[in-house]
Engineer: 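Below: one structure in structure tokens.
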Amino acid sequence: MIDINELRINPKQSVHSLENRGDNYDRAISDILKLDADRKKTISELDTLKATRNQVSKNIGVAKNQGQFKDTETKKLVTSMRTLGSRIAKLEKQLSTFEQSILDSRLSLPNFPSIHSPIGSDESENIVIKTHGTAPVFSFSPKHHWEIAAELDIIDFEQGAKIAGSKFFVLKGKGAALQRALITWMLDIHTTVNKYTEIIPPYLVKPTSLLGSGNLPKFGDNIYHDSEDDLWLIPTAEVPLTNLHRDDVLSENDLPLCYVAHTPCFRREKAAAGKETRGIKRVHQFDKVELYKFVVPETSEDELQQLLRNAESICLSLELPYRVVELCTSELSFPASRGYDLEIWAAGDQEWLEVSTCSNCTDFQARRSNIRFKRTANSKPEFLHTLNGSALAIPRVLIAIMENYQQPDGSIRIPDVLQPYTGFDRIG
RNA sequence: GGAGGGAUCGCAUAGUCUGGUCUAGUGCGCCCGCCUGCUAAGCGGGAGGGGUAACCCCCCACAUGGGUUCGAAUCCCAUUCCCUCCGCCA
């Protein structure tokens, strides 16, 4: 959620900044400002009336204690307070509708893009800032991962469809073991080398939690929802991780707080339903290792670079060719002010696969989730900054390993770093 | 799912029956200052949100949301969470 004070002070710049994302925000912001003015006016009127009521009620109490409750003077006061009371009730009702409308509008506004984010209107205006490694060269024509997986019997799409429907899959045998090894290895790297604290959060969350991370109210149609208990399946670990510290006031000494979580992620992907999506590139359920940080505002840009390096280190160790893409303003996720995609090369599909988006959400999620910190014990609480990034999304890493490490004999070599975790050095 | 008990300003508690000196008291911890060879103790101040750029001041806040009342921490209703017991269950 963006700072309403920013809207008040710089309404023009605010509109301009948000419009770099590609939509129109003129109307939304002027509506908010109008409601905000109404709200202030109502509050000040209400405060005056309440001050009167508090004072008079106190006097009535004193009079009553002195046995004067039946005085005509006191009775008059009570009567006049009754009308004042109904006036207050009416204004309070008005106030709460103003406040609700303001909140609703603000919850639908995305974060301001950082001044560092390149301005652009589609993904062609993203900037490739780094490419590492080279695409593997084969003496044969490399196969797609779904072909390899079928031949080696490590992924079963038909069983997935039978059990849960299309875009679900079953990992089998060494395929399942490979995923398990990847997850364990990634968690080990992040906890021991990069010093993140491992979390296993709930995979079902309350709507409040999704509101806090920015997934609700706007993106509810991509999330599975149990209406009986109003619980939602997480589309990413970012949701529960954001909410670890909802309503907390942390001390500056506690920061940065760095968390890593492996969770399954559930996405309806309704919008992408028609698209050609063979294999496990886009599925309804997948596993992911997610990094998340709570940091002091002025450090968040550095922390983003560090988080990006932590995610990159996974690609490096797996010896997969990858590139880093800085997202232009239109491609930033809703809560992000600046972000990078990490893409690894898939030799069979002949394309770059997005395996991570590392984002600095500045104080956007912190405002929604009311997560603050104090610089000293006496200073006022301030909103902190949050960052997140995958490191990494598992299925696409599996694709890259299958396709880039495929051998002439149809087998897959296991990347060196994973062999201690898998216990085998090839599949097939 | 059933029956009880509970939720108060960081923690621990008082207050709730009997609504009004509760602008929520006390103890401990924390922060700033004073004092002091140094610590401790002692003394003073501070520590939620809003109306303010900020102050004074005012308003709001006793789990949350409603209600009763001139007035609610206190009375009534609903909800949430926690604890104990029973039932069910991996």
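Numbered from 1 within each chain, the chains take letters A, B, ... in sequence-line order. As a basis for the values below, the full set of heavy atoms in this structure was taken, side chains included, without hydrogen atoms, waters or symmetry mates.
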Engineer: Please list, for nucleotides 59-66 of chain B, all pairs of protein and nucleotide N/O atoms separated by less than 3.5 Å.
Structural biologist:
{"residue": "B/rC59", "atom": "OP1", "partner": "A/N54", "partner atom": "ND2", "Å": "3.1"}
{"residue": "B/rC59", "atom": "O2'", "partner": "A/D47", "partner atom": "OD1", "Å": "2.9"}
{"residue": "B/rC60", "atom": "OP2", "partner": "A/N54", "partner atom": "ND2", "Å": "3.2"}

Engineer: Please measure how far the P atom in B/rG33 lies from the corresponding atom in B/rU39, and state the result in whole Å.
Structural biologist: 12 Å
Engineer: Please tabulate, one pair per line, all N/O donor-acceptor pairs under 3.5 Å involving side-chain atoms of residues 207-219 of chain A, not counting sequence neighbours.
Structural biologist:
{"residue": "A/S209", "atom": "OG", "partner": "A/R246", "partner atom": "NH2", "Å": "3.4"}
{"residue": "A/S213", "atom": "OG", "partner": "A/S209", "partner atom": "O", "Å": "3.4"}
{"residue": "A/S213", "atom": "OG", "partner": "A/L210", "partner atom": "O", "Å": "3.2"}
{"residue": "A/S213", "atom": "OG", "partner": "A/N215", "partner atom": "OD1", "Å": "2.6"}

Engineer: Rounded to whole Å, how long is the line connecting atom CD1 of A/I102 with atom P of B/rG51?
Structural biologist: 10 Å
Engineer: Please report the distance, rounded to the nearest Å, between CD in A/E45 and C1' in B/rG50.
Structural biologist: 17 Å
Engineer: Paired with B/rU26 by Watson-Crick or G-U wobble geometry, both distances under 3.5 Å: which nucleotide is it?
Structural biologist: B/rA12
Engineer: Using the P atoms only, state how far B/rG46 lies from B/rU26, rounded to an integer number of Å.
Structural biologist: 13 Å
Engineer: Salt-bridged, A/E147 to A/R278, with N to O below 4.0 Å?
Structural biologist: no
Engineer: For the pair A/R8 and A/D36, find out whether any cationic side-chain nitrogen is under 4.0 Å from an anionic carboxylate oxygen.
Structural biologist: yes
Engineer: Which donor-acceptor pairs under 3.5 Å do the side chains of residues 303-316 of chain A make with protein atoms, sequence neighbours left out?
Structural biologist:
{"residue": "A/E303", "atom": "OE1", "partner": "A/K293", "partner atom": "NZ", "Å": "2.6"}
{"residue": "A/Q305", "atom": "NE2", "partner": "A/Y340", "partner atom": "OH", "Å": "3.1"}
{"residue": "A/Q306", "atom": "OE1", "partner": "A/K293", "partner atom": "NZ", "Å": "3.4"}
{"residue": "A/N310", "atom": "OD1", "partner": "A/Y196", "partner atom": "OH", "Å": "2.6"}
{"residue": "A/N310", "atom": "ND2", "partner": "A/N194", "partner atom": "OD1", "Å": "3.4"}
{"residue": "A/E312", "atom": "OE1", "partner": "A/K130", "partner atom": "NZ", "Å": "2.7"}
{"residue": "A/E312", "atom": "OE1", "partner": "A/Y322", "partner atom": "OH", "Å": "2.5"}
{"residue": "A/S313", "atom": "OG", "partner": "A/N310", "partner atom": "O", "Å": "2.7"}

Engineer: What residue pairs, at least two apart or across chains, pass ring pair (Phe, Tyr, Trp, His ring centres under 6.0 Å) with a residue in residues 359-386 of chain A?
Structural biologist: A/F334-A/F364
Engineer: In whole angstrom, give me the gap between the C1' atoms of B/rA7 and B/rC62.
Structural biologist: 10 Å
Engineer: If each of A/T79 and A/K58 is mapped to the nucleotide of RNA chain B with the nearest heavy atom, which maps nearer the 5' terminus, i.e. the 5' end?
Structural biologist: A/K58
Engineer: Return all side-chain donor-acceptor pairs below 3.5 angstrom for residues 412-420 of chain A, not counting sequence neighbours, or 'none' if the list is empty.
Structural biologist:
{"residue": "A/R413", "atom": "NH1", "partner": "A/D416", "partner atom": "OD1", "Å": "3.4"}
{"residue": "A/Q419", "atom": "NE2", "partner": "A/I414", "partner atom": "O", "Å": "2.8"}

Engineer: Given atom CZ of A/R8 and atom P of B/rA53, what is their separation to the nearest angstrom?
Structural biologist: 8 Å
Engineer: If you check the A/K374 side chain, which of B/rC70, B/rA47, B/rG48 turns out closest?
Structural biologist: B/rA47
Engineer: Does the structure show a Watson-Crick or G-U wobble partner for B/rC56, both distances under 3.5 Å? Name it, or say none.
Structural biologist: none
Engineer: How many whole angstroms separate atom CG of A/L95 from atom C1' of B/rG50?
Structural biologist: 10 Å
Engineer: Enumerate the protein-to-nucleotides 28-31 of chain B contacts in which both atoms are nitrogen or oxygen and the separation is below 3.5 Å.
Structural biologist:
{"residue": "B/rC31", "atom": "O2", "partner": "A/N378", "partner atom": "ND2", "Å": "3.4"}

Engineer: Counting only Watson-Crick or G-U wobble pairs whose two distances fall under 3.5 Å, which nucleotide matches B/rU84?
Structural biologist: B/rA3
Engineer: Considering only the C1' atoms, how many Å lie between B/rU8 and B/rC81, rounded to the nearest integer?
Structural biologist: 16 Å
Engineer: Under 3.5 Å for both donor-acceptor distances, Watson-Crick or wobble: does B/rU79 have a partner, and if so which one?
Structural biologist: B/rA63
Engineer: Let me know the distance between CG of A/D36 and C1' of B/rU52, rounded to the nearest Å.
Structural biologist: 13 Å
Engineer: In whole Å, I'd like the distance from the CD1 atom of A/I9 to the C1' atom of B/rU52.
Structural biologist: 12 Å
Engineer: When the C1' atoms of B/rG67 and B/rU74 are considered, how many whole Å apart are they?
Structural biologist: 15 Å
Engineer: Might you point out which heavy atoms bring A/R396 and A/R282 nearest each other, and give the distance in Å?
Structural biologist: NH2-NH2, 4.5 Å
Engineer: Across all strands shown, which nucleotide pairs with B/rG33 by Watson-Crick or G-U wobble geometry, both distances under 3.5 Å?
Structural biologist: B/rC43
Engineer: Considering only B/rG49, B/rC70, B/rG51, which nucleotide approaches the side chain of A/R372 most closely?
Structural biologist: B/rG49
Engineer: Distance between the C1' atoms of B/rU80 and B/rG87, in whole angstroms?
Structural biologist: 23 Å
Engineer: To the nearest Å, give me how far apart CZ (A/F373) and C1' (B/rA47) are.
Structural biologist: 16 Å
Engineer: Which residues pass the side chain to side chain donor-acceptor pair (under 3.5 Å) test with A/E290, not counting sequence neighbours?
Structural biologist: A/K288, A/S390
Engineer: What is the distance, to the nearest angstrom, from the CG atom on A/D229 to the C1' atom on B/rU79?
Structural biologist: 15 Å
Engineer: Could you measure between the two P atoms, the one in B/rU64 and the one in B/rA24, and give it in whole Å?
Structural biologist: 16 Å
Engineer: Quantified in whole Å, what is the C1' atom distance between nucleotide B/rG71 and nucleotide B/rC60?
Structural biologist: 16 Å
Engineer: Strictly by salt bridge (Lys or Arg N to Asp or Glu O under 4.0 Å), give each pair with a member in residues 19-31 of chain A just once, sequence neighbours left out.
Structural biologist: A/R27-A/D31
Engineer: With sequence neighbours excluded, tell me which residues meet ring pair (Phe, Tyr, Trp, His ring centres under 6.0 Å) with A/H245.
Structural biologist: A/Y259, A/F294
Engineer: How is A/R375 classified with respect to the nucleic acid when contacts are heavy atoms under 4.0 Å: base, sugar-phosphate, or nothing?
Structural biologist: nothing
Engineer: Apply side chain to side chain contact (heavy atoms under 4.5 Å, CB included) to residues A/L204 and A/D229 and explain how you reach the verdict.
Structural biologist: CA-CA 10 Å; A/L204 291 162; A/D229 294 310; over 6 Å; no
Engineer: What nucleotide, of B/rG71, B/rG49, B/rG50, holds the atom closest to the side chain of A/S57?
Structural biologist: B/rG71
